[in-house]
Protein chains: 2
Amino acid sequence: MRKFGDDSAQLDDRLDGARGGEVGILERSGGGPAGRTLALLWRNRRERTAEAVPPRLGRKPTLDLDAVVTAAIALADVQGLAAASMNGVAKALGVGTMTLYTYVPSKDELLDLMVDQVLGERELPGPGEPRPADWRDQIELYSEQTRAMFRRHPWLARISTIRPPVGPGMLAGREYLLSACAVLGLPARQTNTAALAITTYVDSAAGLEAESEQVERTTGQSNDAWWHERNDLWETYFDVERHPTMTAIWNANGYGDGTREAADESYRFGLDRLLDGIEALTANQS
Amino acid sequence: MRKFGDDSAQLDDRLDGARGGEVGILERSGGGPAGRTLALLWRNRRERTAEAVPPRLGRKPTLDLDAVVTAAIALADVQGLAAASMNGVAKALGVGTMTLYTYVPSKDELLDLMVDQVLGERELPGPGEPRPADWRDQIELYSEQTRAMFRRHPWLARISTIRPPVGPGMLAGREYLLSACAVLGLPARQTNTAALAITTYVDSAAGLEAESEQVERTTGQSNDAWWHERNDLWETYFDVERHPTMTAIWNANGYGDGTREAADESYRFGLDRLLDGIEALTANQS
DNA sequence: TCAGTTTTCGTAGGGTATACGAGAATACGC
DNA sequence: GCGTATTCTCGTATACCCTACGAAAACTGA
């Protein structure tokens, strides 16, 4: 990634075309790469800036950005993130590989766009829209929408969430979660950390869940079969004296079966305990 | 990964050499790839099987498996996971790239070995060894050791933990955490799910923290500077009406500064709330 | 000394992202 | 209707990635 220079005059031109008034977006924003990425992320919310005016001159484009992003997502959903290579996406769209670079500055940027797109797919009520009355039900809604998102797009779990795409999808998700946490009436700082703790757990647990199911599907090997393949572990290497608690839990059947219901129960257990802990703060306050 | 056939007769031979008695490990285990990986993971715990007998015949090896794994870890620590390519590791060791395949069947296996190695670096008391008396202090120990591990090896956060390497390092970590959770006297099933919830949170939060610090180091750009680069967001795209809670928290200074102390506080807040929730279960029981 | 065994590693082949530049397609001014 | 400026398309080349294959080197025991 970003091994070579970062020229991309092509795309600058394209974005200068989408100008709103006298000055192009990139000029107004200093033209940095962050400004360019923001312009792409927020392309569908142009009301606040200006209408996107497509350039009149030159050859007509055969695609648009949405088509590229959508194709990349579809490919990653079905065949895994590795299949969403520039080559793969181009082939799926029936164009040459390099054609994609007319629409997207780099693979990294494409990933950002994919991520924000699917983050925005979650059906979360905006401000003023009807939502569950109870605090926990509001969080539950967030949790279930996020889980469903990860299940639809398991590749999400393999993308780093530090310095994420700051697009409409991500912001809508955060706004909803924060507004749900705000119901508790905690101080602003605690409201934010509570929301942070919840995303940390939900994103991680939902990602693991989705990835696990995906691996079962793509390898055709159930998790049980995978463990069974490691039968040697217990017979040859595992030392009961060194692992008394694991042994005890095993003997008490504490590991559960590998069913989806058991995984679901684990997921909910962790989230419920976390919410219990957060809720307890308000009880002490009043 | 694993694009081509999976022959690796070379390594089978090597492991057959490390036999314990009449029958080679791989024969006893059916010779599957899982058995081979287990043999490599547990190479330093041969007491339970037999001594590793190095082959007398043939050219002497210039390296050993530990040297390869250690070099790969060192490279990933300093230069990032991408630097730990087969080529990169070989260069660091002063050998040809393909020489590594004498010691490791594939890059995937090398990653497994790296992961189990660093998991085992955590200084967690084994069964019978002295440990903190209080339950929370025991968890705290696990949490801090794990955080330190992620800080030393930020690349860990970018490796999937589904179907992890089932080696001595991973098992020691799980044993300790489970034994700490067992103190609470919950049913076996709940003890396990509680431990699962804790790892989910700790691994994720510690990984994010470590990755964030690493990105600040390697890009030379602080998180504050990164946000500042996205100044446009607020000026051009952000809609206050659509994001009232974010706005309110911002105005109440609820996002905190980007200092390490603030991140530490967030981390602890989430973990403490989770532990509160788990602990509350025992209160209801008695 | 030589045969058998093991390790070393160059080469080749298929994958990845992307810089560069030539050519095709379109719109506008004349 | 004809340049010409502009824009999009995409083949080629470069620098990486992993690893199969096979020849040569190094070592042991007979």
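Just so we're clear, the structure is a prediction, and the values are computed from it rather than from any experiment. Just so we're on the same page: letters track the sequence lines, and every chain starts at 1.
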**Request:** On DNA chain C, check which nucleotide each of A:Arg59 and B:Gly94 is closest to and give me the residue with the more 5' one.
**Result:** B:Gly94
**Item:** Any B:Thr62 side-chain nitrogen or oxygen under 4.0 Å from OP1 or OP2 of C:dT8
**Value:** yes
**Request:** Ignoring backbone atoms, establish whether A:Lys60 has a side-chain N or O less than 4.0 Å from OP1 or OP2 of D:dT9.
**Result:** no
**5' priority, DNA chain C, between B:Gly58 and B:Val95 [closest heavy atom]** = B:Gly58
**Prompt:** Whole-Å distance between D:dC17 C1' and A:Asn87 CG?
**Reply:** 15 Å
**Message:** Hydrogens and angles aside, do B:Ser222 and B:Glu216 bring a side-chain donor and acceptor to less than 3.5 Å of each other?
**Reply:** no
**Item:** Upstream residue (5' side of DNA chain D) when A:Gly96 and B:Ala83 are each assigned their closest nucleotide
**Value:** A:Gly96
**Request:** List for me each residue that meets salt bridge (charged side-chain N to carboxylate O under 4.0 Å, His left out) alongside B:Asp66, sequence neighbours excluded, and say none if there are none.
**Result:** B:Arg43
**Asked** Is there a side-chain contact between B:Leu171 and A:Phe238, using heavy atoms and a 4.5 Å cut-off?
**Response** yes
**Asked** Once you round it to whole Å, what is the distance between P of C:dT6 and CG of B:Asp64?
**Response** 18 Å
**Fill in**
Of the candidates D:dG29, C:dT7, D:dC8, the side chain of B:Leu57 sits closest to D:dG29
**Whole angstrom value for the distance that separates C1' of D:dT7 from CG of A:Leu63** = 14 Å
**Fill in**
Separation of C:dA17 atom C1' from A:Leu111 atom CG, nearest Å, is 12 Å
**Complete:** Atom CG of A:Leu110 and atom P of C:dT16 are separated, to the nearest Å, by 14 Å
**Asked** OP1, OP2 of C:dC9 versus side-chain N and O of B:Thr97: anything below 4.0 Å?
**Response** no
**Message:** When you measure from the centre of the six-membered ring of A:Tyr237, is the NZ or CZ of B:Arg45 closer than 6.0 Å and no more than 45° off the axis?
**Reply:** no
**Item:** Flag for B:Ser212-B:Asn223: side-chain donor and acceptor within less than 3.5 Å
**Value:** yes
**Asked** Between A:Leu100 (CG) and C:dA19 (P), how many Å, whole number?
**Response** 14 Å
**Request:** Tell me which nucleotide among C:dA17, C:dA24, C:dT7 gets nearest to the side chain of B:Thr102.
**Result:** C:dT7
**Asked** What is the distance, rounded to the nearest whole Å, between atom CE of B:Met98 and atom C1' of D:dA25?
**Response** 17 Å
**Asked** D:dC10, D:dA25, C:dA17: which one has an atom nearest the side-chain heavy atoms of A:Thr99?
**Response** D:dC10
**Atom pair distance, as rounded to whole Å: CE in A:Met86 and C1' in D:dA15** = 17 Å
**Message:** Counting only side-chain heavy atoms from C-beta out, which of D:dT19, D:dC27, C:dA25 sits nearest to B:Lys107?
**Reply:** D:dT19
**Message:** I want to check one thing: is the phosphate of C:dT8, taken as OP1 and OP2, less than 4.0 Å away from some side-chain N or O of B:Tyr101?
**Reply:** no
